[in-house]
Each structure stands twice: as structure tokens, then as C-alpha cells.
Asks: 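Can you read through this structure? Questions will come right after.
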Protein chains: 2
Amino acid sequence: MRPQSASFDNCCNTAVRRAARQLGQLYDDVIESSGLRSTQGTLMAVVSNAGAATASELAEWLVMDLSALGHTLKPLIRDGFLRSTPDPRDRRARRITLTAKGTKKLEQIHADWLIAQRALLATFGEPEAFALVKALDRISDPAFADKFRSTVQKLREQPQRKSG
Amino acid sequence: MRPQSASFDNCCNTAVRRAARQLGQLYDDVIESSGLRSTQGTLMAVVSNAGAATASELAEWLVMDLSALGHTLKPLIRDGFLRSTPDPRDRRARRITLTAKGTKKLEQIHADWLIAQRALLATFGEPEAFALVKALDRISDPAFADKFRSTVQKLREQPQRKSG
DNA sequence: ACAAAATAGTGGCATATGCCAGTAAATGGA
DNA sequence: TCCATTTACTGGCATATGCCACTATTTTGT
């Protein structure tokens with residue numbers, strides 16, 4: 001099979017999803033002994049880093065739908081790794097924090113993650129890996145989304161204008 | 001919030017998943033009028049390109065679990081875009097093909113996808129976009145997965161060896 | 001102060017994706 | 001030929017993720 005239909009060549013969306021599946025499988029295997037998935041590890045790391053953020057804040061950083069985040073938080077709360085406590089100053093909001101159990105689990109995951117990180121740098125190349133993360137972060141930037149959307153808008157208003 | 005916990009800095013897995021969500025939302029919006037998601041568009045494009053591949057072959061190219069692929073094929077078959085016919089030469093296998101309806105739908109999606117592709121190249125930069133796809137394709141290559149796994153193995157056998 | 005609008009979450013439904021167990025068929029020896 | 005193994009798929013269960021509708025609060029405009 002050719003790498004991809006000529007008509008849909010170089011589709012960044014296709015490529016990024018496929019790579020996400022590949023990396024997900026590789027990282028899941030590495031942290032397998034923790035009993036958690038790499039997606040859950042990421043979520044706990046972000047929660048830990050944020051300290052006591054609201055679901056909205058976490059969703060924004062993760063570029064994730066708020067309700068989707070709520071769904072993914074559920075098993076982690078159910079299993080005692082995370083806690084969701086009402087914010088006394090805004091009774092609509094809840095603050096997401098790590099429990100003691102969650103903190104310990106995150107440390108365990110971190111040890112395994114280090115292996116994965118070293119393996120990635122060694123097999124993909126350090127500068128290449130850093131450049132890749134940088135490019136991906138640029139795509140995840142809300143400013144990129146804004147620019148993309150307004151460009152789509154413009155392209156739709158004046159269809160394929162002949163150059164020259 | 002800092003870009004990410006210092007301890008989990010430059011996690012390629014986290015970055016690629018986040019970018020996948022972002023691009024997914026952007027591309028889904030662009031092809032929204034088709035009634036399909038960009039993941040489904042990708043799947044149909046791959047099926048079209050493959051001609052009459054088995055689920056196993058499609059799953060391999062997509063770096064996707066076979067049963068996961070089976071699940072995602074279901075709604076497209078149910079809605080008449082794809083067809084799954086038994087292979088007479090190997091009665092375990094089934095050949096996945098586009099229906100006439102699916103072919104027409106894919107053409108419609110392609111027109112929208114072209115807009116998204118032009119917008120991506122314009123906002124992210126052409127050389128940067130091509131380089132990104134190339135890097136992602138390298139990660140999706142089975143050879144990369146093999147190298148990664150064997151490196152993990154080695155790192156586990158001889159933990160952080162002091163250099164020098 | 002009050003009503004309209006914005007914000008924060010939750011629950012339901014649908015697709016996306018993975019693992020495991022089970023079925024069916026083909027393949028590879030002895 | 002016959003059985004063990006491998007291959008192709010299917011179904012069940014769980015998480016991942018998004019959209020929409022709904023509830024509860026807070027904020028805003030007058």
C-alpha cells in the first residue's frame with residue numbers, strides 16, 4: 001500500500017493521530033506496571049503541576065473538551081488518585097488535586113517515564129525530539145488555532161484565486 | 001500554569017496527543033458539512049487508496065489495533081459508505097471497499113480537506129509542515145517501534161550507568 | 001436589586017481506541 | 001492425514017474524547 005492516497009498526501013491530521021497511537025502503545029507498555037495508561041499519567045502530571053486547578057483550567061491547557069476531561073478524571077478519582085473538592089470562593093467550581101496515593105503513584109510512573117524519555121531521545125535523536133515537541137506545542141497554541149480558523153474563513157470567501 | 005511539570009518536561013507522547021486533539025478539532029470543523037469526522041475521512045481515504053484491503057492490512061498501516069479498527073469501521077458500514085465482503089480465497093478474511101455512496105462522500109470531503117491543507121501550510125509554514133509530517137511518519141514506522149522497545153529493554157537491564 | 005448573559009460542571013449519547021477471550025479458517029509439521 | 005499453531009476477525013468491557021442539553025452560580029448591564 002502506498003504511504004497514503006495521493007489526493008490526501010501529507011495530511012498532518014492523519015500523521016499526528018497515527019503517531020499518537022504509536023507513541024501511546026510504546027509509552028503504555030513502559031509504564032504498564034503502574035496499572036495506568038500514559039494518558040492517565042499525563043493527566044496526573046498536569047494536575048500535579050497545576051497544584052489545585054479547576055477542571056476548566058486543566059482542559060484549556062490540555063486542549064481538551066471540558067466534559068471529556070470530566071470523563072477521564074472519573075476513573076482516577078474513583079480509584080483514589082485524584083480528589084475533586086468544591087472551591088469555597090466560587091461554588092460552581094471544583095479544585096482537582098492529587099491524593100497521597102496519587103502522589104506516590106505519580107512518582108512511580110515518573111521513574112518508568114524516564115526510561116521512555118531516554119529511549120525516545122536515543123532512538124529518535126535529541127535535537128529531532130526537541131524540535132518535534134516544539135512544533136507540536138506550536139500547533140497546540142490557541143494562537144495557531146485562531147490563525148488557522150481565520151485562514152480557512154478567507155479561503156472559503158475567495159476560492160482558489162489564480163496566482164499571477 | 002507552566003507549560004508542563006518540570007519533571008515530565010518535553011514528553012513527546014503528551015505533546016503529540018495534545019496536538020492531535022487540536023488538529024482533530026480544527027479539521028473536524030472544516031469537514032463538518034460532510035457529517036463525518038476527520039478520523040472517518042482518514043479511514044475512508046486509506047480504504048480508497050488500498051483498493052480492497054483486509055482489516056488487518058488497514059490496521060497495520062494505521063498503526064491501530066485490529067479490533068479497534070473493526071469498531072471504527074462499523075458506523076461507516078452501517079451508514080453505507082463502506083462494504084465488507086468475504087474474501088473467497090481466504091474465508092477468514094474480509095475485503096473492505098468503498099461503496100458508490102462512499103466514493104461520492106470522499107470526494108466531497110476531499111474538497112474541504114484541501115481548504116484545511118492550504119490553511120495548515122499557510123499558517124504553520126510549508127517546509128515546517130512537511131518536516132513535521134516526516135518526523136511523525138518516522139515515529140509511526142514499525143522500525144522505530146522496534147528500536148524504541150529494544151532500547152527500553154537495554155536501559156532496564158543496566159540502569160543509569162554513570163558516563164565517563 | 002434584578003434579569004440577562006456568561007461560566008463551571010454533570011450526564012447522556014456517539015465515536016475512537018485498546019486489551020482479552022473466543023470462533024473460524026488456514027498453515028505447518030510429524 | 002491430523003493436530004498444534006498461527007492468522008483473521010468478532011464481541012465485550014474499559015478508557016479517551018467530543019457534542020449537546022441541563023443545572024447551578026457568578027457576573028454584568030441597567
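What's counted below: heavy atoms across the whole structure, side chains too, no hydrogens, waters or symmetry copies. In the text below, chain A, chain B and the rest are named by the order of the sequence lines, each starting its count at 1.
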Asks: Indicate, yes or no, whether a donor-acceptor pair under 3.5 Å links the base of C:dG9 to the side chain of A:H71.
Replies: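 Answer no: no donor N or O sits under 3.5 Å from an acceptor.
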
Asks: Between the side chains of A:R156 and B:D112, is the shortest nitrogen-to-carboxylate-oxygen separation below 4.0 Å, so that they form an ion pair?
Replies: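 A salt bridge is present here (some side-chain N lies under 4.0 Å from a carboxylate O).
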
Asks: Among B:R94, B:R92, B:R95, which residue satisfies the salt bridge (Lys or Arg N to Asp or Glu O under 4.0 Å) criterion with B:D87?
Replies: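 Testing B:D87 for a salt bridge (Lys or Arg N to Asp or Glu O under 4.0 Å) against B:R94, B:R92, B:R95 leaves exactly one candidate, B:R95.
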
Asks: Would you kindly check if the NZ (Lys) or CZ (Arg) of A:R118 is within the cone defined by 45 degrees around the ring axis of A:W113 and under 6.0 Å from the six-membered ring centre?
Replies: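 Verdict for A:W113: no cation-pi partner in A:R118.
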
Asks: Name the closest nucleotide to the B:T72 side chain, picking from C:dA16, D:dT10, C:dG18.
Replies: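 So the side chain of B:T72 is nearest to C:dA16.
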
Asks: D:dC9 base to B:S67 side chain: any donor-acceptor pair below 3.5 Å?
Replies: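 Check fails, no donor-acceptor contact within cut-off.
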
Asks: Is any side-chain N or O of A:R17 closer than 4.0 Å to OP1 or OP2 of C:dT17?
Replies: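 A:R17 to C:dT17 OP1/OP2: side-chain N or O found under 4.0 Å.
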
Asks: Looking at A:F81, is A:K101 sitting on its ring face, NZ or CZ under 6.0 Å from the six-membered ring centre and within 45 degrees of the normal?
Replies: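 Positive - A:K101 is close enough to the ring of A:F81 and near enough to its axis.
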
Asks: What's the closest nucleotide to the side chain of A:P75 if the choices are C:dT15, D:dT15, C:dG9?
Replies: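 From the listed options, D:dT15 comes nearest.
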
Asks: Quick one: is A:Q25 getting a side-chain N or O under 4.0 Å of the C:dG18 phosphate, OP1 or OP2?
Replies: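 So the side chain of A:Q25 is within the cut-off, an N or O lying under 4.0 Å from OP1 or OP2 of C:dG18.
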
Asks: Atom CG of B:L58 and atom P of D:dA8: how far apart are they, to the nearest Å?
Replies: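 Going from B:L58 (CG) to D:dA8 (P), I get 12 Å.
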
Asks: Could you state the NZ-P distance from B:K74 to C:dT17, rounded to the nearest angstrom?
Replies: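 In whole Å, C:dT17 P and B:K74 NZ are 15 Å from each other.
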
Asks: What nucleotide, of C:dA8, D:dG18, C:dT17, holds the atom closest to the side chain of A:M64?
Replies: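 It is D:dG18.
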
Asks: Which nucleotide in the set C:dT17, C:dA25, D:dC9 lies at the smallest distance from any side-chain heavy atom of B:R92?
Replies: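 Between C:dT17, C:dA25, D:dC9, the one nearest the side chain of B:R92 would be C:dA25.
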
Asks: Let's see if you can work this out: which of C:dT17, D:dG12, C:dA16 has an atom nearest to the side-chain heavy atoms of B:R37?
Replies: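 Side chain of B:R37 sits closest to C:dA16.
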
